[in-house]
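Keep in mind that this is a model prediction, so the values were computed, not measured. Throughout, a chain's letter reflects where its sequence line sits, starting with A, and its residues are numbered from 1.
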Amino acid sequence: MKGRKTVPDRRVLGGCLAVWLAAAPLPAEEIGFRRDVMPVFFRAGCNSGTCHGAARGKDGFHLSLFGYDPKGDYFRISEEMIGRRINLASPERSLLLRKATGAVPHTGGKLFDAASPYYRTLLAWIEAGAKDDVGDVPAVVGLELSTEKLLFEEKGKEDRLRVMALASDGSRRDVTMLARFHSNNASVADIDADGHVTAHAPGDTHVFARFNRFTIGCEVIVLPPAAASNWPDPMAANYIDELIFDRLRKLRIAPSELCDDETFLRRVTLDLAGRVPTVEEYTAFQADTQSDKRAIKIDVLLADDAFADLWTSLWAEQLRVMGGNYAPVGTHIKAADACYEWIRTQLRNDRPLNEFVAELVAASGSNLINGPANLYTMLVHGPQFDPKAFAADFSQVFLGVQIQCAQCHNHPFDRWTMDDYYGFVSFFTGIRRKPGVEPREQRIYYDTSAPPARNLVDDRPMPAKTLGAVAPVEGNGDPRRDLAAWLTSPDNEMFSRNLANRIWARLMGRGIVEPVDDVRVSNPPVNEPLLDALARHLVASRFSLHQLVREICNSRAYQLSAEPNDSNRADARQFSHARLRRLRADVLLDAVVVATGVPRNFPGFPAGTRAIDFYPRESGDTSGPHFGDPFFETFGRSSRNTICACETKKEPTLSQTLHLAVGDTLRSRLSSAGQLKKLMDAKATPAQIIEGLFIVALSRRPTADEQTAFCELVGASAHDQQVYEDIFWGLLNSTEFTFNH
Amino acid sequence: MRSEQTDVMTPRYPTTVRNRSRCVAPLLALSLALAHAAEARAGAMTKNIEAVRPRIGQRGRHVEVAIRGISLGDPREIVFYRPGIRAVNIQPAVQVPQRSYAHGGRVVEEVRCAFEIARDCPIGEHPFRLLTATELTCIATFHVSPFATIDEEEANNSYSNDTPATARAVAANTTVRGQIDGGDRGDRDLYRIDATAGQRLSIEVESVRIADQHYGDSEFDLALRVLDDRGRVVAANDDNSLHLQDPLVSFKAPRDGPFYVEVRRSIFVPSETLYCLHIGHHARPLAAYPPGGQAGTQQTIVFKGDVLGDVQQPVSLPSGARDYFYFGGDEQMPPAPTPLRLRVSPYANVMEDDSADETRVAQLPAALNGIIDSDHDADRWRLSVKKGDRWHVRVFAAALGSPIDAAIRVLPIGDDGQPGPAEWELDDSPLADHDILGTSFRGGGGLQEAIDPSLIWEPKRDGDYVLEVRDTSGAGGPLGIYRVEVEPPHSAVQTLLASGTFDWTESTRVTGLAIPRGNRWTIDLSLPRGQWNSLAGEFDLIAHGLPEGVRLVTPRVKAGAARWPIQFIADASARPQGSVFTLEARPVDPSVAVETRCQQNVPFLNHPGGSAWRTVRTDRYIVGVTDPAPFSIDIEQPSAALVRGGELAIPVKIRRREGFGEAIEIRCGGMDRSISTPPPMIVPADQNAGELVLGADGGAPLEAMPLYVIGSTVRDDIDDFLGSGHRRVSSEIVRLEIAQPYLELASQPESIRRGERKAYTWNVRHHTPFEGEAHVTLLGLPKGVAVVEPSPVLTKDSQTVSFELTASGEALLGQSNGLTCEVKVPVGGQQIVQRTGRGALRIDPAKDTK
C-alpha cells in the first residue's frame, strides 16, 4: 500500500475493511462512550498527564491517562459524584460541558466552544442518558496515515495528513479531528492540530499522529535548494555505505572525504582497543604500503584481547556490575568478578551475542561459580529482588525499549499496554535468591510456584507473556527459558536491531535510533533501511560482534573525515561526516597512560590495571551510585546507578578542563620516567622530540607550522626537560587529544 | 578488610564485685539478657595457636613444624584426633618473629617439633591440640599429601616466578608449598611441568582448606590457569562445586612440551596467602556414581568427570562409618591429594532406571542413587509406605560435590494413579538438620550440606508416593549425581562442644579440657536435638579413652536437658598426658538402645560478621592433664533452695597453693536461662572467699539442677572469655534446688494524700515454713513517699504485714504501679532474699482544709 502507512496491531487486522463513518454527526443514540466520548477527552487533552490524566487527577477529577481505563473513567464521570459532572435533567448545565467551554472557571481553560463537534458529541451523549457501552465494543486496533512520507522541495510548503482508525470488527473511520499530532523537530517541519504539515528548513524529521493507544509516524524531508548540492558519488565499501549514501543523496547532502591514515589509526585504535596507538603501532602503520592496510589493522585490533576487554567494560556498565563486601545482597566483589570475567570470556571467544544473552537470561545457581547468574543480583541492586524494576531495566538493556510507563497506564508514545507490561514482569516473579555455602555466595533460582504479576487496574493475573504476544508462554517450569528463546531468536527484530544500533552508536558516536535505549514508535530510526541491514547482517553472522564491528569499521562511512563540507555542516544525524566524540572517561585515562607511559593505579586492583578493566569495588553495599574513582566522576563515566545510556556523560565540562590543566592526572605523569624521559634520554634533537611528542599524544606528526613554532619555543633550552613538559602538557590538554575525530 | 595491628574488638574485663547485687525480680530477665549480650560481645580473638608452618607434609616423611601463638610455654605433647602423625622433639623456640593480627591475636611464642608422618597416614587434614604444662590449646591443623613436597622459594614480593621464563620447574606428583604475596602488582606464581601428548595432568590448589588465619576475606580465594608455551590458556578454574573456592583443573596434554601452571588470586587483595599446589598424573574425577553403597560390601563405582574419561572401579566400603573419603589407591586410580566423599549405608542401593519415567523402590530403607542429567531433568522415585511411618529422607548432592542444587517433593499417588498435591516440598535444610551442630554461622561455613534438603517425613496415608528430585540451579549434566537415603530416624544422643563466642572462635574456657593434676575442671556439654529420635529418659555419660588417672564425674543427665556439666578429675598422681576420648550415653533403662555421637565444629576462616568460609570438624574430643593449678575452689551443697523470684548466695572458698598470691576470678558455670548469675567476680590476692548470688525468675523449673563454680587466674593482656593463657579449676558439682517462694504477699490498691500518714497492709500466704523473723522492705515507692522505720517483720504465723507510709507535700501525684516487697527469710544461717507481690499506690493532693 504505497504512500500509506498502517500501524499496529498485528493481532487482529485482516480481511476487507469496511468504511466506518464518522465524518457526519451520529444520531444521539449511536454515540458510544468508548468510541466517541473518550476520544474527545483525548483530543481536548483532558486525560493528558498534565491535566486529569495525572496520577492523582487534577482539581479533584481523575481520568485514566490517555484513556487506558474506560470503565474507571465512566464511573468517575457519571457515578463517582452523581449529578455533579453529568446533569441528565439539564444536559447543557453538566459541569463536564461548562468546564470544557470555559463557562465556569477551569484550570485547563476553554477547550472548545459550544459550536464545536466535540461539544455536540458530549452533549448528545448526555442527552441520550450518558449511558455506558453495552456488550463488546469494537476496539481500535491500529491507525493508518494518508501517506508515510512527505517530501518538500523547499521550505514554506504545506501538506496535510489524514488519520484513519481501524477497528477490531474490520471497520475504519477518519479520526483526523480526534487525533493529536506532534513533530519530532518543528524547526524542520511542524504539524498543527488538524494535521497540516509545514516545511520550515532543510532536513529530515518525523511527524506523528496519536489516537487511542496508537502512535503512527510520517517521515518528512525538506530538501535544500538543488543548486546547493553536488553529489560526489563516493565509492561504497559495503552495504552500509550504499544505504547511507542513498539516504544522503535523497537529502542532497554530500559526505565528507575519507580521513587520512593517521586519523584512521587513532580513531580505530581508540574505538577498538580503548587507547591511543603506541609509537610502534604508528610507525608500522605509516610504513605499511599495502592497499588494504586499514582492513588488516581492523582485523588485528579485533583479534586483540583489548577489544573484548573494552566491550566487557561496556556490557558491565550496562548490566551494572559492581562489587561490594555486603554479601547478603549477592553483590560481593567475588560475585561481581565472576560476572565480569564470564562476560570477558564470552567476548574474547566472540560468542554469538544471542547465545551470550540467552545464557544470562536463563542463568541460575551460585553467583560465585556461575557468573551470568549475577544478572539477577547486579542489574537491580538491592536486598530484595524486585521483578517490576528488573523487567523494566531488562527490556531497556536487551531490547532498547522502555516499558515501565505501562506499569501504571498504557504507554502513551508506544504500543505497550499494561497487559504487555505485567505479562513481561511475570517472567521474573519467581526469581529468588538464597544464601549459599559460604558467606559471599547467593544462589539464584526460579520458584515455579510463584504466582504471576497482576494487572494494576483490574487485578487480573497476567501469566508470563513476551512483549507483543497475545498468548502467554506455555509450560509450568522456569519461563525464562521461553523468554530467552524468544528474546534471542534471529526472528526477533527488536533484539537484533537493538544490538546493531548499540554497536553502531558505539563506533559512530550516535545511534540510528537515539537514544539507543529509548526505542519507540515515536522515536524512529533516522535511516531505517540501514538499521534493518545491520540487524540482518548481525543475524546472518550468527550474532558475531566481531563481524559487525568489522563491517562498520571497513565502511567508508566510518572512515569519513570529521571535516564537514558546505552541504553536510548542519547534518548531525545522517553520518555524512565523522562525529567528534569526547573520549569516554576510561578510554581517556588509558590514553593518558599510553601517551605518557606512566601507569595509573586504582584501589582494589593490582598495579597496571587499565581503566577499561576497572569497575567499582566498594566497601559496603552497592545499591547507590559508584564511580569508583574521582577521575571517572569528573569525566562522566557511568556511576552504574541506572542502566540508562544517559549515565555516561560525553559532554566536555569546565571541571574536566581544569582537571587536565592543573590536576594530578597529567602533571604527575609529565615529569616521571615515561615517554618524555625516553625521548630525552635518546638524545634526540628538539625537532625529533617535538615530533615524538606529537606522535605519542596525537598520533600524527606536527605540521610544518607547528614544528617551527614549537622549535622556536624551545629555542636555547634544548636540554631543558621543563620546556618539553610544557609542550607535552599543551598537547595533552588540546581537544585533539581528548576527542576522537 | 581489616588491617593488621588494628584491634577491632573491645576487650572485656571482669568486674570486681564487692557488694552483692540486689536486683529486683522484674530485672532478672533483663540482666540475663545483658549477660548473654556480654558473652557475645567478647574481646579480641586471642587463640593459643595462630599459625602452624608448614601447613602440609608428605606421608612417610619427617617434617619440621613450627607452632606459633601465645601461651605455648613448656610444651609437652601434641595430641592428634586421627592416627598417622607423631610429634617428637617438642621444644620451645628461642627466636620468635613476633606478629599481631587484626583480630587481636598475637604471635609471641613458638614451639618447634618434628612430625613423623606414617607411610599409611591418612591423606588430608589432621586436627590436633598441643598440651603444655599449663594448658591444652585450641584446635590447629596439619595436612598430609601423598606427594613429595617442595617449597616455592620466591622471595617476598620479588615477582621472581611470575613469567613463563622464570617459572620454577616441577616434576609430576609434587606438592608445592607456595605463597601469593601482597605486592601491589598482584603476585602470580608460575610452575613449569613437562608433559607428553595425551598425558593427563591434574592440578589442585588448597588454600581455603589449609588456611589457619582467624579472619579472612577474598585473599584466600585463588584461581588456577594452565598455559602452553605460546601463552594460550589450556585449562582454567576459579571456583567449583567440589572444592568451592579452591580451584582444580585436569587436562590432557595436547602435545609434547612444557606447560605453565599459574596460581593467582581470584580477586586482587594485597595480602599474603599460603597455598598447596598438587601437580600429578592422578585421575581427578569430579563425581562418583553411585556415590556410595552398602557397608562392608564391594561396590562398583563409576568415577566421572576425569579428563581421560569415566573409570569404573570396585571400591571396598567400610562398615561402621557413614562417610568414606575415597582418594583412590591402586594402579587404575593412584591416590589423589584430595578425595571424593562417598556415603556408606547399612542397606542396599537402588539405582535410577534411565529407561523409565520413574524408578520403583521395592522396599525401604534404601539409598536411591540418580543423576540429574540436564537442566530440566527431574527424577521420580515410586515408594510404598504406611501412614504412621516415620522416614528420615536426606539428600546428598552438594554435600558430595555435585554441581546441582537439589530440591525434593513428596507427592501421594491418588486413586486415579496420578500424583496429588505435594505433602512436602523442600529445597534447603539448616545445617542442624544434617547433624552438623554448633555452626550457626551466617553463611554456610563452607559446608555444602547447607543447600541439600533433609526432612522427617510422616506419610499422611497408606500407599504409593512419588519422591521427586530436581535441580533448582540448572546445573544438571553428567556430573549431577545425588543420593537420597530413606531410613527410619536413628535413636541418638548427640553431644557437642559448642563455643558460642562472637564469630564462633573456639574458647578454651568453654570447650577446652585441660585438667590440672589433683584438681577438677568442668564444662557444659551441649545436648542438641535434631532429626533423630531423642532419648526420652535419663542417662549417664561414660567417657572412653581418658588418660590414666582421669575420671569423668557428672550427675545423671536429666531427660530433655539441652546442656549438662561434665566434670573431669585428675588424680594427683596422674601423668601429664593427653588423649582422645569419646562419650557414651548409657540410658538408665537398659533395654533402650541408643547411639552416641560426639562433635565439634570450629570455623577456621571467619568472614567478619559471624560467618565462616571453612569449618574444621571432629567426631571425638581431647583431654589433657596439666601441672597442678596454683589454687582450687570449693562450694558446699546449699542448705536452702533457691526460690522463684528470690536470690541465694553461694559462698566460694579458695584454697591457694603455698606462695600463690594472685587475684582469682570466679564465676558460675552455665545455668538454666531462668537462673540469673552475677558477672564474674575477682577475689583479690589477699582474700580466699567470695560469694556469688543467684536469682531465679518466677518461671524457674521446680527441680534440682547441677551447679558449679569455676575459678581462673586473671590476665590483663588476654581476655579470659576466650580462654588462652589462664589456669582454671572448678568446684564440685552440687545440687541446686529450685522451690516455690516461702511466702507470697498481695495487696489491694491503696491511696495516700500529701501530708498524710497511713498504713499500707499486705496479706500473707505461706508456702514453706521458716523459723524466726523475716524482714520485709517495700520497694518502688514514688518520690516523696517513705516507709516509717522500722520496716515490719514476718513470722511463719503472720497473716498480714503493714507498712506505715508518709507522703510529703512534694510527693509525686498520680498512680504508682511498680510496688513490690523484698523479704529476707532466715534459712540455714543465710538471709534468703525473695521478692513478691505487686502493689499500686495513688498519691492524691492534700485535703483542702479551708
Below 4.5 Å, heavy atoms only, C-beta onward: do Asp238(B) and Lys334(A) meet side chain to side chain?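 In short, these two side chains touch, coming nearer than 4.5 Å.
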Mind checking whether Ser473(B) and Tyr445(A) have side chains closer than 4.5 Å, heavy atoms only?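 In short, these two side chains do not touch, never coming nearer than 4.5 Å.
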Reference residue Asp427(B); test salt bridge (Lys or Arg N to Asp or Glu O under 4.0 Å); the match among Arg443(A), Arg432(A), Lys434(A):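 By the salt bridge (Lys or Arg N to Asp or Glu O under 4.0 Å) criterion, Asp427(B) pairs with just one of Arg443(A), Arg432(A), Lys434(A): Lys434(A).
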For the candidates Val208(B), Ile267(B), Asp375(B), Asp187(B), which exhibits the highest count of non-hydrogen atom pairs separated by less than 4.5 Å from chain A?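 When all of Val208(B), Ile267(B), Asp375(B), Asp187(B) are compared, Ile267(B) has the most.
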Chain A contacts, top residue of Gly186(B), Ser266(B), Ala450(B), Gly474(B) (heavy-atom pairs, under 4.5 Å):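 Of Gly186(B), Ser266(B), Ala450(B), Gly474(B), Ser266(B) has the most heavy-atom pairs under 4.5 Å with chain A.
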Chain B neighbours within residues 611-618 of chain A, where any heavy atom lies under 4.5 Å away: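 From residues 611-618 of chain A, the residues near chain B are Arg617(A).
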So if I take each residue of residues 342-370 of chain A and look for any heavy atom under 4.5 Å from a heavy atom in chain B, which residues do I end up with?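 Within residues 342-370 of chain A, the residues under 4.5 Å from chain B are Ser364(A), Gly365(A), Leu368(A), Ile369(A).
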So if I take each residue of residues 239-247 of chain B and look for any heavy atom under 4.5 Å from a heavy atom in chain A, which residues do I end up with?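 Asp239(B), Asn240(B), Ser241(B), Leu244(B), Gln245(B) fall under the 4.5 Å cut-off.
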Contact class of Pro403(B) relative to chain A, heavy atoms under 4.5 angstrom: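 Looking at Pro403(B), just its backbone touches chain A.
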Which region of Asp221(B), side chain (C-beta onward) or backbone (N, CA, C, O), has a non-hydrogen atom less than 4.5 Å from a non-hydrogen atom of chain A, or is it both or neither?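 For Asp221(B), side-chain heavy atoms alone lie under 4.5 Å from chain A.
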Strictly by modelled atom types, are His332(A) and Asp217(B) linked by a side-chain donor-acceptor pair under 3.5 Å?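 Asp217(B) and His332(A) do have a side-chain donor-acceptor pair below 3.5 Å.
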Taking salt bridge (charged side-chain N to carboxylate O under 4.0 Å, His left out) as the definition, give me every residue that meets it alongside Arg232(B), ordered by chain and number, with sequence neighbours left out.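 Applying salt bridge (charged side-chain N to carboxylate O under 4.0 Å, His left out) to Arg232(B) gives Asp228(B).
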